[in-house]
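To keep things clear, I will list the structure first and then write my remarks on it.
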Amino acid sequence: MTYLERVRHPADLIRMDPHELDVLAKEIREFLVSSVSRTGGHLGPNLGVVELTIALHRVFESPADRIVFDTGHQSYVHKLLTGRRDFSELRKRGGLSGYPSRAESDHDIVENSHASTSLSWADGIARANQLRGIDRSVVAVVGDGALTGGMAWEALNNIAEGQDRSLVIVVNDNGRSYAPTIGGLARHLDALRTLQGYERMLDWGRRTLQRSGPPGRLAFEALHGMKKGIKDVVAPQGMFEDLGIKYIGPVDGHDLEATETALARAKGFGGPVIVHAITEKGRGYTPAEEDIVDRFHSVGAIHPETGLPVAPSRFGWTAVFAEEIVEIGRRRSDVVGLTAAMLAPVGLAPFAEEFPDRVIDVGIAEQHAVTSAAGMAYAGLHPVIALYSTFLNRAFDQLLMDVALHRAGVTFVLDRAGLTGDDGASHNGMWDMALLRIVPGLRLAAPRDEQTLRAELNEAVAVEDGPTVVRYPKGALPDDLPALAQQGGIDILARRGGVPRVLVVGVGAMAHTAVEVGQGLDAQGIGSTVVDPRWVLPVPDELVRLAEQHDLVVTVEDGLASGGIGSALRDALGRAGVQVPVRCHGIPHAFLDHASRAQLVEAFALRGQDIARESAAAVSALDDGAPVPERQPEA
Ligand SMILES: Cc1ncc(C[n+]2csc(CCOP(=O)(O)OP(=O)(O)O)c2C)c(N)n1
Ligand SMILES: CC(=O)[C@@H](O)[C@H](O)COP(=O)(O)O
Ligand SMILES: [Mg+2]
């Protein structure tokens with residue numbers, strides 16, 4: 001039986017001796033490489049927290065002591081040590097989530113994979129414990145990247161208030177988000193990291209010099225004084241201590257004994273304390289250690305021996321954006337790119353390569369990015385902010401009140417819009433169109449293929465009197481879907497059957513599904529007009545006019561069904577006095593468990609045949625003079 005098999009509960013770790021723990025760490029790494037290379041997942045981050053997580057579970061008694069993981073992508077080791085060993089279906093429907101999951105374990109607390117929230121969670125839990133007289137530890141494990149998020153500093157400011165509240169902040173400092181972490185804080189942590197060398201020298205001094213009589217002791221004192229001096233000069237970790245938060249470290253996060261010692265000191269401190277652990281993303285797996293892009297931050301299925309992808313990535317939406325924004329940059333010197341610590345994943349790396357001075361990586365700081373972009377637009381630039389759709393949520397107020405209120409010419413490019421699926425509830429880019437629909441003056445385009453993405457991106461950056469948004473899904477591009485004709489900015493994709501009774505509106509990449517709906521209706525003898533509005537917000541007047549020429553409108557969108565584009569069109573028809581029923585097909589108003597995109601599309605009856613069937617039934621109801629059945633999407 002392996003040591004990993006012996007760990008059924010964290011308490012089993014207590015009985016292991018240092019040798020057994022070293023073997024356990026080795027077994028965990030082997031397990032992670034073997035399993036995650038098959039399923040895909042956050043391999044690099046988890047390889048970097050093996051010893052740290054073992055130490056956490058030896059020093060603290062989860063779940064009575066609360067351990068909160070920031071972002072949660074680095075919680076696989078935590079799952080292994082808390083009784084979950086079957087990673088065979090990781091991030092697949094019915095399998096383990098890629099993030100903490102309360103449904104899986106009492107040891108899991110935060111399911112939200114949006115970064116920089118752990119310190120606020122921990123502050124809240126610690127305050128509640130104090131008010132309720134619960135004398136237990138609260139630990140937040142936060143990465144150096146997540147620490148660049150504004151929420152983290154709001155929390156630190158508050159945590160510092162609680163000098164009598166036990167709260168341990170473990171900074172898991174591997175020097176990277178995807179790429180090396182940016183900004184003043186990163187440089188500060190870097191300086192502190194250099195002290196680690198002095199720490200090692202001090203340990204040597206402590207072990208050897210102090211045992212070699214008075215001269216040795218004098219030499220050690222001098223060395224210790226030097227370290228103190230250097231610590232204050234080179235690495236004024238006063239930043240934390242000036243805030244009122246004790247600082248312990250830097251400690252080698254791969255040295256189990258040293259990490260446990262530091263955590264135990266922190267546990268006993270009785271107030272807010274930071275343990276600064278230096279770790280290495282991808283540690284122990286050469287392909288990850290040697291990966292200069294992102295240390296295998298997030299991988300698909302790979303060959304474990306080489307780390308090479310099993311299936312080469314196909315030319316996708318992100319790659320088209322990456323190409324087109326460079327072309328735009330060549331023509332427009334006022335265009336700059338902004339990223340929130342995701343330069344490569346959002347496709348701005350080629351732009352940065354060609355225009356190094358015109359890409360700003362703000363760290364995981366979307367709110368700052370948006371308002372800073374408003375400043376850039378005010379001062380004569382045209383910022384293009386590239387984000388994953390779901391991460392724009394946290395910068396909504398900045399978009400509304402800094403960009404839109406001031407009619408700033410800022411373009412938002414939202415990748416991973418719509419159902420992403422395997423990354424779980426907080427990663428689906430399903431909220432953007434419903435959120436952005438309420439922003440006055442905002443224009444939103446949803447391209448359906450490569451050609452419309454290129455065109456609509458160019459149209460977006462040409463707008464200087466308000467925010468524009470271009471949003472597209474994750475992954476591979478669909479085939480090009482040429483228009484039959486254009487009508488007032490609307491692309492007519494198909495006219496099928498006899499009298500066109502149903503207007504089928506495909507939003508963005510769902511235009512392909514809309515074409516299938518038209519085919520399905522045609523097979524049932526029902527005529528339709530299939531359109532892609534391209535620019536869906538504000539609702540085009542031409543779309544209202546087109547709706548008026550049909551008996552029924554069916555909208556299909558990769559976003560919330562209630563409150564999305566279909567709802568916006570229904571409202572526009574109402575305002576225009578057009579009495580044509582609208583059936584909105586989209587994502588239900590719910591938090592979605594991890595599953596594949598295809599499984600979710602089927603579950604929500606978003607396939608062409610599903611929508612065609614429902615639409616034909618609606619036409620029958622109309623013909624019978626019965627009310628058109630409302631669409632009640634299942635969650
Ligand atoms: C608000 C938000 N923006 C962006 C991301 C995407 N993201 C996931 S992990 C990560 C890097 C996190 O770096 P760090 O906190 O240092 O953790 P590490 O991966 O190094 O362990 C980013 C940017 C996110 N999850 N949340
Ligand atoms: C945890 C996090 O937010 C990212 O690592 C995200 O999981 C990456 O998503 P993609 O794999 O779609 O780039
Ligand atoms: Mg990091």
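Order of appearance sets the numbers: ligands from 1, and atoms from 1 within every ligand.
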Exercise. Taking the non-hydrogen atoms of Q74, is any one of them nearer than 4.0 angstrom to ligand 1?
Worked result: no

For this session: Using a strict cut-off of 4.0 Å, indicate which atoms of ligand 1 neighbour a heavy atom of G143.
Result: 14 (P), 15 (O), 16 (O)

For this session: Please identify which atoms of ligand 1 are closer than 4.0 Å to at least one heavy atom of N174.
Result: 18 (P), 20 (O), 21 (O)

Exercise. What do you reckon, does H114 have a nitrogen or oxygen under 3.5 Å from a nitrogen or oxygen of ligand 1?
Worked result: no

For this session: Check whether the side chains of D361 and T339 place a donor and an acceptor atom closer than 3.5 Å, and report yes or no.
Result: no

Exercise. Which residue holds the protein heavy atom closest to atom 25 (N) of ligand 1, what is that atom called, and what is the gap in Å?
Worked result: S113 O, 2.8 Å

For this session: Please write down residue, atom name and distance for the protein heavy atom closest to atom 8 (C) of ligand 1.
Result: T71 CG2, 4.0 Å

For this session: Using the ring pair (Phe, Tyr, Trp, His ring centres under 6.0 Å) rule, take Y388 and W431 through it: C-alpha gap first, then chi angles, then the decisive distance, then the call.
Result: CA-CA 11 Å; Y388 285 8; W431 321 97; over 10 Å; no

For this session: Could you tell me the residue and atom name of the protein heavy atom closest to atom 12 (C) of ligand 1, and the distance to it rounded to 0.1 Å?
Result: I364 CD1, 3.8 Å

For this session: Please determine if K281 has a nitrogen or oxygen closer than 3.5 Å to a nitrogen or oxygen of ligand 1.
Result: yes

Exercise. Distance only, no hydrogens: is a donor on one side chain within 3.5 Å (strictly under) of an acceptor on the other, for N172 and T279?
Worked result: yes

Exercise. R394 to ligand 1: N or O pair under 3.5 Å?
Worked result: no

Problem set entry | Flag for H594-K92: side-chain donor and acceptor within less than 3.5 Å | no

Exercise. Under 3.5 Å, N or O to N or O, is A115 touching ligand 1 that way?
Worked result: yes

Problem set entry | Location of contacts on D144 toward ligand 1, heavy atoms closer than 4.0 Å | both

Problem set entry | Carboxylate-amine/guanidinium proximity below 4.0 Å for R597 and D423 | no

Problem set entry | Within reach of ligand 1, part of S116 (heavy-atom separation under 4.0 Å) | neither

Exercise. Is M342 close to I364 at the side-chain level, that is, under 4.5 Å between some pair of heavy atoms?
Worked result: no

For this session: Can you tell me which residues line ligand 2 if we count any heavy atom under 4.0 angstrom from one of its atoms, in chain and number order?
Result: H42, H73, Y99, Y178, H297, S298, Y388, F391, R416, D423, H427, K474

Problem set entry | Centroid separation F31 to F87 less than 6.0 Å | yes

Seminar exercise, completed: The number of protein N, O or S atoms lying under 2.8 Å from the Mg ion (ligand 3) is 3

Problem set entry | Y99 ring center near H73 ring center (under 6.0 Å) | no

Exercise. Counting from 1, what ligand 1 atoms have a heavy atom of S177 closer than 4.0 Å?
Worked result: 11 (C), 13 (O)

Exercise. Ligand 1 and A146, any nitrogen or oxygen pair closer than 3.5 angstrom?
Worked result: yes

Exercise. So, is A341 polar-close to ligand 1, with some N/O to N/O distance under 3.5 Å?
Worked result: no

Problem set entry | ligand 1 N/O within reach of Y178 N/O, cut-off under 3.5 Å | no

Exercise. Taking N or O atoms only and a 3.5 Å limit, does H73 qualify as a polar contact for ligand 1?
Worked result: yes

Problem set entry | Among H297, R176, R295, closest by any non-hydrogen atom to atom 9 (S) of ligand 1 | H297

Exercise. Does the separation of the ring centres of H57 and H78 fall below 6.0 angstrom?
Worked result: yes

Exercise. Without hydrogens or angle criteria, can the side chains of S426 and H114 be said to hold a donor-acceptor pair below 3.5 Å?
Worked result: no

Problem set entry | Pair T82-S105, side-chain donor/acceptor within less than 3.5 Å | no

Exercise. Side chain, backbone, both or neither: which part of N172 has a heavy atom under 4.0 Å from ligand 1?
Worked result: side chain

